[in-house]
Amino acid sequence: MKYILTAALVSYLCPVAAGSIRYRHLEKPQRIFFWYTCSSILFLLVEYQFSHMRINNHAVINMNIVVETACLLAFFSSLSYPSSRKWIGATALLFMGYSVLMLTRTNIFMMNEHISIVSRLLILSFSLMMLHSIFQKSKSIIVARYPYWVLSGIVIYSCGSLLIFVFSNKILQLEYQYFELMWSINWIAAIAANILFSISFFIRRV
Amino acid sequence: MTDFFWVIIFTSIVLMLLSTAYIAMLAVSNRRIINEQQSKLIEIQKSEERYKALFNNTIVGMVSFSRQGWKVLDVNQSLLEKLEMASPKEFQHRFHEMIAPREKDIVISLQRDHCFQDCEISVKTISGKELTLLFSGREDASDHYIHSVLIDITEKRRLEESYMRAQKMEALSILTNSIAHDLQNVFAPMQLSLKLLEKQVKSKRGEKIFKATKNSLRDGQQLVSNIFAIAKGIKKDHKQIHLNALIRSILHSFHPARGIAVAARNAVQKENVTILGNENQLKQMFLNILRNSEEAIQKKGMITIDIARNGTGTVGTNGKRSAIETVTIAVSDNGVGIHPDHVHKVFEPFFTTKRNVGGTGLGLSMVSEIIKQHSGTVMLESKEAKGTTLTVSLPILREHGK
């Protein structure tokens with residue numbers, strides 16, 4: 001399990017490294033995504049450090065979910081046609097409002113299942129819609145286009161971690177070995193996603 | 001609790017695998033679709049190239065246009081070449097002007113049947129060549145464009161006209177031959193009777209009437225002989241003729257009306273140019289030309305005869321042309337000239353604009369026939385109210401004293 005965790009942490013560095021190397025050649029949506037990967041690694045480090053220091057990191061995780069969703073919605077918006085952007089923007093605003101409301105009304109030091117569920121569902125549904133749209137409208141091979149790789153990574157990670165986030169509070173009540181096994185599924189999904197994100201930075205065509 | 005745990009684990013793994021499979025399936029399907037699209041695109045491109053080649057290389061002209069503003073969508077190379085135009089843009093500028101005379105018919109046909117057929121239009125090429133085109137087209141209901149073809153029927157029309165003319169001439173020839181034969185039979189006893197009567201005319205008035213009758217009979221016989229010549233063809237009886245002597249003889253025989261001066265500029269006066277021909281026919285021919293010039297000058301005027309050696313020119317009959325030294329005799333007058341519509345008809349038998357003053361329409365037809373028999377050419381240039389020049393070109397046989 002330790003190896004999976006180490007591999008996952010290292011895998012988070014891959015897209016950041018790939019994005020940094022290729023940053024000058026990246027298009028606007030790729031740059032937004034690059035900053036999302038940077039924010040992810042920062043949150044991860046903080047979460048890891050808090051957990052290492054035996055400090056409750058649930059507030060950071062909640063913040064991470066909100067920031068992650070906002071970043072990914074911005075990425076989806078930059079990939080979309082202008083007519084779709086306003087819908088994505090409206091959704092982002094609604095989500096932010098909902099998150100603020102939920103975080104202020106509930107205990108911030110507990111994993112907020114509601115935000116997690118809404119966030120995962122939003123990200124998953126937008127990713128699938130965009131993937132489908134790219135598939136429908138593509139006049140060239142989609143494998144040669146970076147949105148395919150990014151969206152594939154998001155879909156795989158979201159599917160793998162959906163239930164874990166939904167039942168995060170229940171999982172926390174499990175014995176440590178079960179908890180660790182459960183999170184290793186999340187880390188495996190993260191490794192797969194990070195590899196796909198890293199590949200996406202080396203592809204230029206939209 | 002452990003059951004719940006395993007359900008979550010199992011479901012998460014299944015969801016992850018399903019999403020991976022879905023993504024892989026998308027990539028595979030996309031590749032298959034793109035490959036199919038590409039092969040279809042290649043087929044479409046090939047087909048487009050084939051149709052483009054057919055469109056551009058076909059003999060007939062093709063043009064697609066919109067009825068609104070007669071905007072040209074596409075025009076094929078064949079039509080551009082036929083009209084001597086460099087670009088479709090140039091064609092667009094002249095398209096409406098081309099179809100303007102038939103525009104109303106085309107619009108009515110399109111409104112009624114969504115097509116038009118065999119509209120004959122006349123078009124002038126850039127170099128001024130007149131073309132006759134047969135214009136047919138059909139409206140495409142889907143894009144409201146009219147796809148049309150233009151077939152060049154200039155040559156067909158020319159052949160039809162010449163065939164009609166030949167048929168007319170053949171019929172005329174048979175008719176005139178028969179009339180001339182009958183007239184000859186009428187004139188023969190008249191001539192004999194006049195000879196017998198000649199001795200019995202005593203009074204001066206009688207002599208005058210007799211002379212007028214005799215002249216009329218001679219004119220009638222000459223007319224009959226001309227008709228025979230055209231109907232049967234002129235008899236070829238050629239001998240060597242000295243051109244200068246011939247010209248002198250012609251000028252001696254020609255007595256112009258009062259107020260008309262005749263000037264001859266003979267550039268070959270000092271050379272002894274010889275031609276091969278029938279002296280009487282040539283004399284008759286030149287007198288005919290001079291008489292035409294005289295008639296064209298209404299009151300006062302001038303007839304000029306220019307004789308010049310033409311170096312190495314080309315003369316010939318029946319389409320066979322060869323390089324031979326020629327002499328040109330150009331007869332010019334400053335008379336009324338010929339109307340442009342009549343210029344190409346003046347050599348046709350029985351074509352005359354002087355029917356009311358006794359013109360038979362045989363003079364220039366005879367000239368053309370005689371020139372043909374002498375392997376020469378005749379050319380007519382005329383400007384209304386300015387005058388006419390008729391240039392006869394004859395091959396030189398040989399020269400003496402050189």
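Note that this is a predicted model, so its numbers are computed, not measured. A note on names: the letters A, B, ... follow the listed sequences, proteins ahead of strands, and every chain is numbered from 1.
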Inset, instruction - Measure the OG-CZ distance between A/Ser140 and B/Arg31 for me, rounded to the nearest 0.5 Å. - result: 11.0 Å
Legend entry - For chain B, the option from A/Ile188, A/Asn186, A/Val155 that forms the most heavy-atom pairs under 4.5 Å: A/Val155
Legend entry - A/Ile185 vs B/Ile9 side-chain heavy atoms within contact, under 4.5 Å: yes
Legend entry - Region of A/Tyr178 that comes under 4.5 Å of a non-hydrogen atom in chain B: both
Legend entry - Atom pair CG/CZ of A/Leu181 and B/Phe5 - distance to nearest 0.5 Å: 4.0 Å
Legend entry - Shortest non-hydrogen separation from B/Ile34 to A/Ser138 and the atoms involved: CD1-O, 3.9 Å
Inset, instruction - Against chain B, work out which of A/Leu131, A/Val166, A/Leu124 has the most heavy-atom pairs shorter than 4.5 Å and name it. - result: A/Leu131
Legend entry - Over 12 non-hydrogen atoms of neighbours within 6.0 angstrom of CZ in B/Phe10: no
Legend entry - Under 4.5 Å from a heavy atom of chain A, the part of B/Leu15 involved: both
Inset, instruction - Assess whether atom CE of A/Met129 is packed by more than 12 heavy atoms of other residues, nucleotides or ligands within 6.0 Å. - result: yes
Inset, instruction - Please say whether more than 12 non-hydrogen atoms of neighbouring residues, nucleotides or ligands are located less than 6.0 Å from CE in B/Met85. - result: yes
Inset, instruction - Go through the atoms of B/Leu18 and report whether side chain, backbone, both or neither lie under 4.5 Å from a heavy atom of chain A. - result: neither
Inset, instruction - Count the heavy atoms of every other residue, nucleotide or ligand shown that sit under 6.0 Å from NE2 of A/His132, and state whether that count exceeds 12. - result: no
Legend entry - Heavy-atom side-chain proximity of B/Asn30 to A/Tyr148 below 4.5 angstrom: no
Legend entry - B/Arg102 atom CZ: more than 12 heavy-atom contacts under 6.0 Å: yes
Legend entry - Winner by heavy-atom pair count (cut-off under 4.5 Å) against chain A, out of B/Ile23, B/Asn35, B/Ile33: B/Ile23
Legend entry - Atom pair CD1/OG of A/Ile142 and B/Ser29 - distance to nearest 0.5 Å: 8.5 Å
Inset, instruction - For A/Met53, look at atom CE and say whether over 12 heavy atoms of other residues, nucleotides or ligands are found less than 6.0 Å away. - result: no
Inset, instruction - Return the minimal non-hydrogen interatomic distance between B/Leu26 and A/Phe135, and the atom names on each side. - result: O-CE1, 3.4 Å
